[in-house]
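The structure under discussion appears below in the form of structure tokens.
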2 protein chains.
Amino acid sequence: MANNLGLSIDRSSPVPLYHQVVQGIEAAIYSGVLEPGSRLDNEIDLAAQLNLSRPTMRKAMDELVRSGLLVRKRGVGTQVVSSQVRRPLELSSLYDDLTNNGKKPTTEVLSFSHIEADDAILATLQLPAGSKVYHFTRLRKVGGKPLALMENWVRDDITEMDQATLTAEGLYAILRRGGVNFRLANQRIGAMTANEYQASMLETGEGSALVTMERTATDDTGRRVETGHHVYRADSYSFEMTLVQR
Amino acid sequence: MANNLGLSIDRSSPVPLYHQVVQGIEAAIYSGVLEPGSRLDNEIDLAAQLNLSRPTMRKAMDELVRSGLLVRKRGVGTQVVSSQVRRPLELSSLYDDLTNNGKKPTTEVLSFSHIEADDAILATLQLPAGSKVYHFTRLRKVGGKPLALMENWVRDDITEMDQATLTAEGLYAILRRGGVNFRLANQRIGAMTANEYQASMLETGEGSALVTMERTATDDTGRRVETGHHVYRADSYSFEMTLVQR
DNA sequence: CGAAGGCGAATGTTCTGACATTAAGTCTTT
DNA sequence: AAAGACTTAATGTCAGAACATTCGCCTTCG
């Protein structure tokens, strides 16, 4: 069977060949050219069709398998994994999530300061004693409805920050522009009931359910960049993720 | 610098060479032989030290980078990522989590039936109309204290299930023994307040905070194996995870 | 007629070799 | 002394080849 998934390779492009293949096959799957459950040609044929070596083809398919789009079976072949597997689990901020979904979030900065960090924050961010950090709390609304109450601490040797920038942009966008390449995040998700302050800020009742999240993010040099404690209205937000067994 | 991480390779072993290297370096990191932040020898030297080719060495390091233990920088070298990065995000059940932490959970099966699935379950598990599934609810306790209330639906063409087995073992262990190789899980984590029934079962107050989780798991053949809706006492449980940017 | 063995096809593993790209330090030149 | 160019060292990419392992099907033998 000549799969003939209409993808072409540009050898003069700076983007690696295997990654071009990844993008091509991803596009073919999401656009429906490759149907869920269908079998692909074998690695050697595919490599030949695209004038690539088998290791290159294999590396591309490796990535697709790891991301859960393909399933390989020894002695059998490779299939497109059935069904609509949605967003893979990745580092993203609430702000990204919302804008990607076409919503228009607004941010209100409730407090902003540049202060000496206390011991707990120093330990979490692995900073030497006496270090200063940015500390701020924000309220995020979507369509005028409050959604999240967020408190964050950010090390101050990355980029200048001020209240105006935080109002206009998401935290992660600001940090990325400051040259941070995020690598890891450790997070913990739980639940609590709203206290009086939280209830009033989120315009919900005292005692209503909230989703809590604590997160600490690390960049590619191993620096702890940011830590925060967020609470979300449980009736408006939940965490969706896809776990991939490796 | 001769790193000399005391790992040896067994070429007669059936476990692939690159995986032996992965395990060896993992062990060196967790045991402290390789300290956080320390630099490794370059790929070519390491390969030579172990009498391996560079691609094999590279594949091993690839996996360690992906799992967040190492950080590579072009033109510079490879470092052990600083600090105590905990559990990587992986498919695991509450039962596994608890037993791995030395706790002794007990399970009480509240209801168990083998019934025709309703439309919602049929759609979620992608089963043809009229299919039967196992449906059960369980209460999990640790040290006599109730922790989770779980309701699950499992396709019935995998393995025989009964109330006794469920009482003695975790659901995932049973399914794995039935030949299921889990690949993906889609889950959603949120929060709610306890209703009267939940409060009484979990021995907490009505209106107290609960963590909710809905999960659907898929095996390596693309079959939807299981779906469930769980609630946890927020004061006793939260989800901890490490996200890795790829 | 059924079960065991054999065969082909696919993925899994490993090697050798080569060149490209990036980052950092060093050396030269102005 | 500072700015630029060069060198070096590391990771990043790609090719081609060989052999191993597993699965499913087909044939053959009891």
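These numbers come from the heavy atoms of this one structure, side chains and all, not from hydrogens, waters or symmetry mates. The sequence lines fix the lettering, A, B, ..., with proteins before strands; numbering per chain opens at 1.
To the nearest angstrom, C1' of D:dC23 lies 16 Å from CZ of A:R72. When rounded to the nearest whole Å, the span between CG of A:D62 and P of C:dT13 equals 9 Å. Atom pair B:R58:CZ and C:dT14:C1' shows a separation of 16 Å (rounding to whole Å applied).
Considering only side-chain N and O atoms, B:T78 lies under 4.0 angstrom from the phosphate OP1 or OP2 of D:dT11. OP1 and OP2 of D:dT13 both lie 4.0 Å or more from every side-chain N or O belonging to A:T56. Here B:R11 reaches the OP1 or OP2 of C:dC15: one of its side-chain N or O atoms lies under 4.0 Å away.
In the set D:dC14, C:dA24, C:dT13, the nucleotide with an atom closest to the side chain of B:Y18 is C:dT13. Here C:dA23 is the nucleotide among D:dT11, C:dA23, C:dC15 with the atom lying nearest to any side-chain atom of B:V76.
A salt bridge does not link B:E63 with B:R58: none of the charged nitrogens is closer than 4.0 Å to a carboxylate oxygen.
Donor-acceptor pairing under 3.5 Å, judged by distance alone, is absent between the side chain of B:R54 and the base of C:dG17. For a distance-only test at 3.5 Å, the side chain of A:R74 fails to qualify as a donor-acceptor partner of the base of D:dG24.
Side-chain N or O atoms of A:S13 include one that pairs as donor or acceptor with a backbone N or O of A:V15 at under 3.5 Å. The backbone N or O of B:L127 sits nowhere less than 3.5 Å from a side-chain atom of B:S131 that would complete a donor-acceptor pair. The closest donor-acceptor contact from the side chain of A:T78 to the backbone of A:V71 lies at 3.5 Å or more, if one exists at all.
Each of A:N51 and A:G75 was assigned the nucleotide of DNA chain D with the nearest heavy atom; the assignment lying further toward the 5' end belongs to A:N51.
When heavy atoms are screened at a 4.0 angstrom cut-off, A:P55 is found touching base atoms of the nucleic acid.
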